[in-house]
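Owing to the predicted nature of the structure, the values given are computational and were not obtained by experimental measurement. Position 1 is the first residue of the sequence, and the numbers go up from there.
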Amino acid sequence: MDLKDVVRKPPLRAPPLRRIRAALAQYLLHDELQEEIILLRRMFVIMAVAALVGIPGALWVQAPDYDPLDRVVLPLCGLMYLVLLITVLSGRVDPRRAFVLSFLTNASYLLLAYNHQFRVFAPQYGVLSQSTYWFAVLYVAAFLIFPTRLARYFVRGILGLTIAITLGHLLLTLNCCAAGNFLEASSSFCWPGSC
């Protein structure tokens, strides 16, 4: 029996083994590209809707004392997600391109926030805020969304920029006494369990 004959939907009275074999053949012979695009589109819609709910929520929690960076960047991120959501749903933008753009936007926001912490949070408290833990989520997301090779490039780039920001601030703004404690606090996102 040829697999093309099995792909046809078997009658409900067919033996369970034949139905399983037909479902397996249908799965193995499906159009991978179209199925992948549909799955990626669904994933992006879920992510964009979550971001569009989370961004106003983050601003609402900060009200009325908005962080200067968040006041500007979060609405821009929300606008980007809204435009991408509309264009992905209308089929004008491939969801893969939307994922790349949204990932790079999120990475840029985290890097800007990290750099901003050295000026606002660190001088006041002597440590970085817990928002640096979001870098781990970003690293994992890269490997969940993209092929391994591309994810490695993204993660290496983000990690390299983060280390450059850390070293730049340590070398330019901190004295030798405080540098030891600050380096420990800022490296906690790179090497879990190092502190």
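Between Phe146 and Ala151, the shortest heavy-atom contact is CB-N, 4.2 Å. Nearest heavy atoms, Tyr109 versus Val73: CD1-CG1, 3.3 Å. In plain terms, the two heavy atoms of Ala107 and Ile158 that are nearest each other are CB-CD1, 3.7 Å.
For the atom pair Thr87 OG1 and Leu82 CG, the distance stands at 9.5 Å (nearest 0.5 Å). Atom OG1 of Thr105 and atom CG of Leu84 lie 7.5 Å apart (nearest 0.5 Å). The distance from atom CG of Asp94 to atom CZ of Arg41, rounded to the nearest 0.5 Å, is 8.0 Å. Of the inter-residue distances, the one linking Asn106 atom CG with Leu101 atom CG reads 9.5 Å to the nearest 0.5 angstrom. Of the inter-residue distances, the one linking Met43 atom CE with Glu36 atom CD reads 10.0 Å to the nearest 0.5 angstrom. Note that the OG1 atom of Thr166 and the CD atom of Gln117 stand 10.0 Å from one another [nearest 0.5 Å].
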Pairs of donor and acceptor atoms involving the side chains of residues 44-68, under 3.5 Å and at least two apart or interchain, shall be tabulated with distances.
residue	atom	partner	partner atom	Å
Gln62	OE1	Asp67	N	3.0
Gln62	NE2	Asp70	OD2	2.5
Asp67	OD1	His116	NE2	3.1
Asp67	OD2	Leu69	N	3.1
Asp67	OD2	Asp70	N	3.3
Asp67	OD2	His116	NE2	3.3

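Cluster annotation: Leu89 and Leu39 are assigned to the same hydrophobic cluster (Ile/Leu/Val/Met/Phe/Trp/Tyr, side-chain heavy-atom contacts under 4.5 Å, transitive). The cluster map of Ile, Leu, Val, Met, Phe, Trp and Tyr, joined by side-chain heavy atoms under 4.5 Å apart, puts Ile163 and Trp134 in the same cluster. Connection of Phe154 to Val137 is established within a shared hydrophobic cluster, with ILVMFWY side chains joined at heavy-atom distances below 4.5 Å, either directly or through further cluster members. The cluster map of Ile, Leu, Val, Met, Phe, Trp and Tyr, joined by side-chain heavy atoms under 4.5 Å apart, puts Phe103 and Val83 in different clusters. With hydrophobic clusters built from ILVMFWY side chains whose heavy atoms lie under 4.5 angstrom apart, Phe143 shares a cluster with Phe99.
Without hydrogens or angle criteria, Asn115 side chain to Leu111 main chain gives no donor-acceptor distance under 3.5 Å.
Arg152 pairs with exactly one of Val155, Leu150, Thr148 by the side-chain contact (heavy atoms from CB on, under 4.5 Å) rule, that one being Thr148.
The hydrophobic cluster containing Val72, built from Ile/Leu/Val/Met/Phe/Trp/Tyr side-chain heavy atoms closer than 4.5 Å, also comprises Leu76.
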Original post:
Can you list the steps and then say if Leu159 with Tyr139 is a side chain to side chain contact (heavy atoms under 4.5 Å, CB included)?
Top reply: CA-CA 9 Å; Leu159 188 57; Tyr139 298 151; 3.5 Å; yes
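Ring geometry, Tyr114 versus Phe118: the interplanar angle exceeds 60°, so the pair is classed perpendicular (tilted spans 30 to 60°).
Residues forming a salt bridge (Lys or Arg N to Asp or Glu O under 4.0 Å) with Arg119 (at least two apart in sequence, or on another chain): none.
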